[in-house]
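Beneath this line is the structure, given in structure tokens, with notes to follow.
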Amino acid sequence: MTSIGRYAFAECRGLTSVNIPNSVTLLGDNCFNSCSSLENAVIGDGVKEINNYTFNNCFSLTDVKIGKSVTSVGEYAFNNCAKLLSIKIPQATKAIKNYAFDGCNGLKNLL
């Protein structure tokens with residue numbers, strides 16, 4: 001598998017953890033949108049961009065590990081991830097687009 005399409009897992013309310021392998025290079029817009037039970041996400045090193053609304057409204061998301069190849073974080077990528085406390089942005093990241101972390105009221109560390 002090399003890509004996860006737009007809305008592929010949107011509204012999967014029973015999904016609690018995602019481990020995206022290094023072979024995946026594309027995360028489509030909204031691919032995990034409104035997965036309200038999602039707590040953990042590991043984004044593999046193959047992914048170049050976290051697209052728009054990727055983890056939008058993932059209210060339970062507390063832990064995200066971003067692969068070292070991510071160069072861009074899209075608009076509203078982590079919107080309303082209120083339980084997200086800390087996230088480490090890789091050195092390769094050159095752009096964090098508008099409102100990428102909007103509504104992340106618990107976010108204390110953006111490293």
Side-chain angles (χ1 to χ4, degrees):
M1 179 169 65
T2 59
S3 67
I4 299 174
R6 295 177 69 214
Y7 297 97
F9 294 96
E11 299 186 25
C12 285
R13 289 182 174 81
L15 188 64
T16 59
S17 183
V18 171
N19 189 349
I20 300 165
N22 293 338
S23 62
V24 173
T25 58
L26 175 67
L27 297 178
D29 290 350
N30 295 283
C31 61
F32 295 102
N33 186 356
S34 297
C35 292
S36 56
S37 297
L38 185 64
E39 297 173 1
N40 303 297
V42 176
I43 301 168
D45 289 336
V47 174
K48 303 282 188 245
E49 181 175 352
I50 299 171
N51 280 314
N52 301 332
Y53 297 92
T54 300
F55 294 100
N56 178 55
N57 291 330
C58 291
F59 304 117
S60 299
L61 192 62
T62 58
D63 185 39
V64 177
K65 292 184 179 37
I66 298 177
K68 62 185 176 185
S69 298
V70 170
T71 59
S72 178
V73 178
E75 292 183 354
Y76 298 97
F78 293 94
N79 182 50
N80 290 328
C81 294
K83 291 186 178 181
L84 187 61
L85 301 176
S86 178
I87 193 163
K88 184 176 181 183
I89 304 297
Q91 286 185 332
T93 304
K94 304 298 181 212
I96 298 175
K97 296 181 182 173
N98 294 333
Y99 309 107
F101 296 96
D102 190 47
C104 294
N105 302 331
L107 190 61
K108 302 209 185 312
N109 294 310
L110 187 62
L111 310 169

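Please read all numbers here as calculations on a predicted model, not as lab measurements.
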**Prompt:** Residues two or more places apart in sequence or in another chain: which of them pass salt bridge (charged side-chain N to carboxylate O under 4.0 Å, His left out) with R13?
**Reply:**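 With sequence neighbours excluded, R13 shows a salt bridge (charged side-chain N to carboxylate O under 4.0 Å, His left out) to E11, given in chain and number order.
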**Prompt:** Between D45 and G67, what is the shortest heavy-atom contact and its length?
**Reply:**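 Closest heavy-atom pair between D45 and G67: OD1-CA, 3.2 Å.
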Applying side-chain contact (heavy atoms from CB on, under 4.5 Å), can you list everything that pairs with [X], at least two apart in sequence or on another chain?
X: A82; value: none
X: S23; value: P21
X: L107; value: L84, I87, F101, C104
X: C31; value: I4, L27, T54

Pairwise salt bridge (Lys or Arg N to Asp or Glu O under 4.0 Å) hits with a residue in [range], at least two apart:
range: residues 83-96; value: none
range: residues 95-111; value: E49-K97
range: residues 61-78; value: D63-K65

Do [X] and [Y] sit in the same hydrophobic cluster, where Ile, Leu, Val, Met, Phe, Trp and Tyr count as joined when their side-chain heavy atoms come under 4.5 Å apart?
X: L15; Y: I50; answer: yes
X: F78; Y: L110; answer: yes
X: F55; Y: I89; answer: yes

**Request:** State whether the side chain of T71 and the backbone N or O of T93 hold a donor-acceptor pair below 3.5 Å, judged by distance alone.
**Result:**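 The answer is no, because no donor-acceptor pair under 3.5 Å joins these two groups.
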**Request:** Say whether, by atom type as modelled, one donor and one acceptor occur between the side chain of T2 and the main chain of V24 under 3.5 angstrom.
**Result:**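 Answer holds: no.
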**Asked** Listed by chain and number, what are the ring pair (Phe, Tyr, Trp, His ring centres under 6.0 Å) partners of Y99, not counting sequence neighbours?
**Response**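 Partners of Y99 under the ring pair (Phe, Tyr, Trp, His ring centres under 6.0 Å) test: Y76.
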**Message:** F9: which residues meet the ring pair (Phe, Tyr, Trp, His ring centres under 6.0 Å) condition with it, sequence neighbours left out?
**Reply:**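 By the ring pair (Phe, Tyr, Trp, His ring centres under 6.0 Å) rule, F9 matches F32.
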**Request:** Compare all side-chain heavy atoms of I43 with those of N19 and state whether any distance is below 4.5 angstrom.
**Result:**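 They are not in side-chain contact.
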**Asked** Does D29 have any side-chain hydrogen bond (donor to acceptor under 3.5 Å, both in side chains) partners at least two apart in sequence or in another chain, and if so, which?
**Response**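 side-chain hydrogen bond (donor to acceptor under 3.5 Å, both in side chains) check on D29 returns nothing, list empty.
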**Asked** side-chain hydrogen bond (donor to acceptor under 3.5 Å, both in side chains) with N79: which residues, sequence neighbours excluded?
**Response**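 By the side-chain hydrogen bond (donor to acceptor under 3.5 Å, both in side chains) rule, N79 matches N56.
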